[in-house]
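One structure below.
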Amino acid sequence: LMVPKDAVLTAGGKKMVYLVTEGRARPVPVEVVGYQGGLAAISGSLTAGDPVVIRGNERLRPGQPVKVIEAD
């Protein structure tokens with residue numbers, strides 16, 4: 001599974017991404033298995049098409065409301 005590398009955060013020495021579930025931020029632990037260009041190959045409890053936060057994620061807290069803005 002590939003995500004933008006900006007979606008991957010390091011917290012407490014562990015990697016994670018924030019998944020948007022029902023309009024709220026939910027941290028999901030991941031393992032980065034490689035990089036290609038601006039993408040990171042990850043493994044974890046995500047499936048293709050899951051919305052992940054790529055901007056402002058370093059300031060998020062679990063359960064915080066998130067407004068999704070689609071890229072043009």
Side-chain angles (χ1 to χ4, degrees):
L1 185 62
M2 303 289 280
V3 298
K5 68 179 182 179
D6 290 341
V8 180
L9 298 171
T10 302
K14 297 183 181 187
K15 304 281 186 193
M16 69 172 198
V17 298
Y18 273 105
L19 180 66
V20 179
T21 305
E22 297 178 4
R24 299 200 174 265
R26 182 171 61 96
V28 177
V30 297
E31 181 180 339
V32 176
V33 293
Y35 292 96
Q36 182 177 5
L39 300 174
I42 60 169
S43 63
S45 297
L46 295 167
T47 58
D50 282 346
V52 295
V53 179
I54 58 172
R55 289 199 176 146
N57 51 356
E58 61 278 342
R59 295 182 301 271
L60 281 178
R61 298 291 173 249
Q64 184 174 343
V66 175
K67 180 178 179 183
V68 177
I69 299 172
E70 298 291 330
D72 291 334

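Since the model is a prediction, treat every value here as computed from it, not as a measurement. Along the sequence shown, the residues carry numbers beginning at 1.
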#### Entry: In one Ile/Leu/Val/Met/Phe/Trp/Tyr side-chain cluster, 4.5 Å: Leu46, Leu39
no
### Query
Leu1, Val52: one ILVMFWY side-chain cluster at the under-4.5 Å cut-off?
yes
Per-pair distances, 0.1 Å, donor-acceptor, side chain in residues 14-26, under 3.5 Å, sequence neighbours excluded:
| unit_1 | atom_1 | unit_2 | atom_2 | d |
| --- | --- | --- | --- | --- |
| Lys15 | NZ | Thr10 | OG1 | 3.0 |
| Tyr18 | OH | Leu60 | O | 3.2 |
| Thr21 | OG1 | Arg26 | NE | 3.3 |
| Arg24 | NH1 | Gly63 | O | 2.8 |

### Query
Are Val68 and Val53 connected in the hydrophobic side-chain network, where two residues link if heavy atoms are under 4.5 Å apart?
yes
### Query
Within the distance-only criterion (no hydrogens, no angle test), does the side chain of Asn57 pair as donor or acceptor with the backbone N or O of Asp6 below 3.5 angstrom?
yes
### Message
Here's a test for you: under side-chain contact (heavy atoms from CB on, under 4.5 Å), which of Asp50, Val30, Val28 qualifies with Ser45?
### Response
Val28
### Query
When hydrophobic residues are tied together by side-chain contacts of less than 4.5 Å, even through go-betweens, does Met2 share a cluster with Tyr35?
no
